[in-house]
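Naming: A, B, ... by sequence-line order, numbering from 1 per chain.
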There are 2 protein chains.
Amino acid sequence: MRAWLAYRRMRLLLSAEINRDLARDSGLSEADYDVLSNLTTAPTTAGAADRRRLSELAAHMQWSKSRLSHHITRMEQRGLVRREEVDGDARGSFVVLTAQGRRTIERAAPHHVHSVRRHLIDRLSPEQIRVLGEIGDVVLGPLEGEGEGIPEN
Amino acid sequence: MRAWLAYRRMRLLLSAEINRDLARDSGLSEADYDVLSNLTTAPTTAGAADRRRLSELAAHMQWSKSRLSHHITRMEQRGLVRREEVDGDARGSFVVLTAQGRRTIERAAPHHVHSVRRHLIDRLSPEQIRVLGEIGDVVLGPLEGEGEGIPEN
DNA sequence: GCGCTGTGGTTGACATGTCACCGATCATCG
DNA sequence: CGATGATCGGTGACATGTCAACCACAGCGC
């Protein structure tokens, strides 16, 4: 249980620190950063980059569709992304990175990486980093498979 | 960065799982559980147990006073805790565990412990558990000292 | 073509958390 | 005593997330 408590406390303080940095440096929340980041990293399959189906993005991020929809609405109002219709399917919509969104994430990334390094990575030994990755994988294995994850909405 | 991503994903899914269990088994949120748990574990210094100053509790949990105040208000309405005046200090107030609160946490604890074991601990080797604890401690060291933590409100 | 079921996405009500600010009380010092 | 500044909590407005219900269209079988 000591490990559990340490983990819990770390989770709380670490994300507070990193979010604070992120907000200060770039005016983004962790959620904003994730969305933008997942848009630039979009699968380069089709020629269409910087865009993703809302559903597909939600599934990839393990967010509920509702959460993503609300969040996209807010980011849209700030000009970071925009919605766009899908050709073959009149129900669906794309989430598309705007020019401003691209600038924002490109400027934010180096700071964020640095922040993560500073608060987490640099404090750990290579061994600890390795094990942390392992732990993540081990714990995730069972969870990702089953219908677990997001109670779809 | 692989470790960071794994950590992030684990954080998301693991807390989703565990909170789901907790809500199903006991009708509590993680926050509720923490508050109750920190009340039963209250420092046995004075004879007065199951009670804690709001400020002191907030500091101990690394929550802002505002957050705790709001949350206590909600828990008070559900009969889990109650506020009580402090003798020497007309500003302050105690948060006190009610009988119902005590029953609730006592029933919830075994399930919760089991849930944490099932989703996390049992999946890790003793070595991994040890390192996880270490990581928590190493990362927390620097953060806890400085005025960091909670931007007091 | 037409109805049925499933999917993609949105919406509104509500729970939770943050932030900034207030109001009261306390402690201290001249 | 009385002013001053810190401390204890609470409050209201707002950001974010969840949940349940919903609409519009798609896909399929007949």
For [X], what residues pass the salt bridge (Lys or Arg N to Asp or Glu O under 4.0 Å) criterion, not counting sequence neighbours?
X      : answer
A/D34  : B/R8
A/E127 : A/R130
B/E106 : B/R102
A/D122 : A/R117

Rounding to a whole Å, what distance do you find between [X]:[atom1] and [N]:[atom2]?
X     : N      : atom1 : atom2 : result
B/E76 : D/dG10 : CD    : C1'   : 12 Å
B/E84 : D/dG9  : CD    : P     : 13 Å
A/N19 : D/dG17 : CG    : P     : 10 Å
B/D87 : C/dC26 : CG    : C1'   : 16 Å
A/L68 : D/dC19 : CG    : P     : 16 Å
B/E30 : D/dG17 : CD    : C1'   : 15 Å
A/F94 : C/dG8  : CZ    : P     : 13 Å
B/W63 : C/dG17 : CH2   : C1'   : 9 Å

Between B/R53 and A/D89, name the one whose nearest nucleotide on DNA chain D is closer to the 5' end.
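With B/R53 and A/D89 compared, the 5'-side residue is B/R53.
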Is it true that A/E17 and A/R123 make a salt bridge, defined as a side-chain N closer than 4.0 Å to a carboxylate O?
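Salt bridge between A/E17 and A/R123, a charged N being under 4.0 Å from a carboxylate O: no.
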Does A/E30 reach the side chain of A/I18, with side-chain heavy atoms less than 4.5 Å apart?
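Heavy-atom side-chain distance check fails, nothing below 4.5 Å.
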Mark yes when over 12 heavy atoms from residues, nucleotides or ligands other than B/R78 sit less than 6.0 Å from its CZ; otherwise mark no.
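Yes, the 6.0 Å shell around CZ holds more than 12 heavy atoms from other groups.
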Under-3.5 Å N/O pairs linking protein and nucleotides 13-16 of chain D:
unit_1: D/dT16; atom_1: OP2; unit_2: A/R74; atom_2: NE; d: 3.3

Just N and O in the side chain of A/S69: are any of them under 4.0 Å from OP1 or OP2 of C/dT10?
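Result: yes.
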Does the side chain of B/R83 get closer than 4.0 angstrom to OP1 or OP2 of D/dG9 through an N or O atom?
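Looking at the OP1 and OP2 atoms of D/dG9, neither is under 4.0 Å from any side-chain N or O of B/R83.
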Is the base of C/dC19 touched by the side chain of B/S66 through a donor-acceptor pair closer than 3.5 angstrom?
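Flag set: donor-acceptor pair detected.
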Without hydrogens or angle criteria, can the side chains of A/R20 and A/S115 be said to hold a donor-acceptor pair below 3.5 Å?
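A/R20 vs A/S115: no donor-acceptor pair found between side chains.
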Measure up the B/Y33 and B/H112 rings against each other and bin them: parallel (under 30°), tilted (30 to 60°), perpendicular (over 60°).
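B/Y33 and B/H112: tilted rings.
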Which nucleotide, D/dG9, C/dT25, C/dT10, lies nearest any side-chain atom of A/S93?
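Selected nucleotide: C/dT10.
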Atom pairs under 3.5 Å, N or O on each side, protein against nucleotides 3-7 of chain D: can you list them with distances?
unit_1: D/dT7; atom_1: O2; unit_2: B/R91; atom_2: NH1; d: 2.7

